[in-house]
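Report on the structure given below.
All values below come from the heavy atoms of this structure, side chains included, with hydrogens, waters and symmetry mates left out.
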Amino acid sequence: VLATGERVTDRWSVLGRVDVVGDYLTTRRTWLRGRDTGRPALVLAFAPPGRSLDGSLLPGTDVAATLAYYPGAIPLRAVVADRAADLDSSCLSGESIECALAGYAAALATDPWCARWPLVLAGVTPASARGGWFLAEDNGTALSLRSGVDHRALLAVSAGRPLTVAGEWSAGGFRPLSCWDDGRAVVL
């Protein structure tokens, strides 16, 4: 991949990461989005039990880097080929729920096995109703949040105000990974 993969140089915002601990392997999914290109990227790391994972991509930060993408119907998985510096982070521009889901639908039409997709949503307010959590826009459009995850930290940061929220979309719902409060990144 480093020798033949498509290379993209950008200022990458580290949206967040998810660690999945299994019996024989721990997997880390780190989601990034290019500030200039708007391109999403997924950096995967693996470790056997008792070993640590690469923690150099810190959620809520920006990194000047070149990524090399694995080939695929939708090149999403990437590795860091060259890294210049960590940069000050500022709030990302997000999309409406409708636009973000339309982007995922287009990705899914190209690659039916695309099980997860990064979303950055702007102007959404977290709330709970009937035992479930969701993010809502002023126009009433709402997106369900993944069950089995404690979303009270997101609610506390919001304090009822709309936020920009980044996370991972899957069939199980949206998993918020970070948000921005007054231009400051908050890792959830």
Side-chain angles (χ1 to χ4, degrees), residues 1-95 100-121 146 149 164-180 185-188:
V1 171
L2 290 173
T4 61
E6 174 192 6
R7 288 180 173 243
V8 178
T9 301
D10 204 338
R11 175 181 174 169
W12 299 93
S13 292
V14 184
L15 303 178
R17 65 183 176 205
V18 177
D19 291 348
V20 179
V21 179
D23 290 336
Y24 303 106
L25 192 67
T26 300
T27 303
R28 173 170 287 164
R29 295 188 303 270
T30 304
W31 293 100
L32 298 94
R33 186 172 94 173
R35 288 268 185 175
D36 297 328
T37 62
R39 186 136 179 208
L42 171 62
V43 176
L44 291 175
F46 305 96
R51 297 282 179 105
S52 60
L53 291 160
D54 177 15
S56 63
L57 295 171
L58 297 173
T61 65
D62 284 3
V63 177
T66 299
L67 300 184
Y69 280 85
Y70 285 81
I74 298 176
L76 181 63
R77 185 175 174 201
V79 295
V80 177
D82 296 305
R83 185 171 176 169
D86 290 354
L87 306 167
D88 291 334
S89 180
S90 59
C91 187
L92 283 169
S93 60
E95 300 176 295
L101 290 179
Y104 175 63
L108 197 57
T110 303
D111 180 1
W113 291 272
C114 183
R116 292 178 179 81
W117 192 255
L119 302 180
V120 180
L121 306 171
R146 187 175 178 92
V149 177
T164 297
V165 180
E168 177 183 78
W169 174 254
S170 70
F174 183 68
R175 175 185 282 198
L177 300 175
S178 58
C179 64
W180 286 263
V186 178
V187 178
L188 301 170

Salt bridge (charged side-chain N to carboxylate O under 4.0 Å, His left out) partners of R39, counting only residues at least two apart: E6
Qualifying side-chain hydrogen bond (donor to acceptor under 3.5 Å, both in side chains) pairs, either residue in residues 14-23, two or more places apart: D19-R28
Min side-chain heavy-atom separation L44-Y70 under 4.5 Å: no
Sequence neighbours left out, cut at 3.5 Å: what donor-acceptor pairs do the side chains of residues 50-69 make with other protein atoms?
residue: D54; atom: OD1; partner: S56; partner atom: N; Å: 2.9
residue: D54; atom: OD1; partner: S56; partner atom: OG; Å: 2.9
residue: D54; atom: OD2; partner: S56; partner atom: OG; Å: 3.2
residue: S56; atom: OG; partner: R83; partner atom: NH1; Å: 3.4
residue: T61; atom: OG1; partner: L58; partner atom: O; Å: 2.5
residue: D62; atom: OD1; partner: S13; partner atom: OG; Å: 2.9
residue: D62; atom: OD2; partner: R11; partner atom: NE; Å: 2.8
residue: D62; atom: OD2; partner: R11; partner atom: NH2; Å: 3.0
residue: D62; atom: OD2; partner: R35; partner atom: NE; Å: 3.0
residue: D62; atom: OD2; partner: R35; partner atom: NH2; Å: 3.2
residue: T66; atom: OG1; partner: T9; partner atom: OG1; Å: 2.7
residue: Y69; atom: OH; partner: P40; partner atom: O; Å: 2.9

Set of residues satisfying side chain to side chain contact (heavy atoms under 4.5 Å, CB included) with respect to L25, sequence neighbours excluded: T27, F46
Residue pair L188 / C179: nearest heavy atoms and the distance that separates them: CD2-SG, 4.2 Å
Beyond-backbone contact of V14 with W12, side-chain heavy atoms, under 4.5 angstrom: no
Pairwise distance CG(L32) to CG(L15) - rounded to 0.5 angstrom: 6.5 Å
With E168 via side chain to side chain contact (heavy atoms under 4.5 Å, CB included) - residues at least two apart: V18, R29, W31, R116, R175, L177
Listed partners of A102 passing side chain to side chain contact (heavy atoms under 4.5 Å, CB included), at least two apart: none
D10 to G34 - nearest heavy-atom pair and separation: OD2-CA, 3.2 Å
Minimal non-hydrogen separation, L2 against V80, with atom names: CD2-O, 4.4 Å
Nearest non-hydrogen partners of R7 and A81, listed with the distance: NH1-CB, 3.4 Å
Partners meeting side chain to side chain contact (heavy atoms under 4.5 Å, CB included) with S178 (sequence neighbours left out): A166, W180
May I have the list of side-chain donor-acceptor pairs in residues 104-113 shorter than 3.5 Å, sequence neighbours left out?
residue: Y104; atom: OH; partner: C114; partner atom: O; Å: 2.7
residue: T110; atom: OG1; partner: A106; partner atom: O; Å: 3.2
residue: D111; atom: OD1; partner: W113; partner atom: N; Å: 3.1

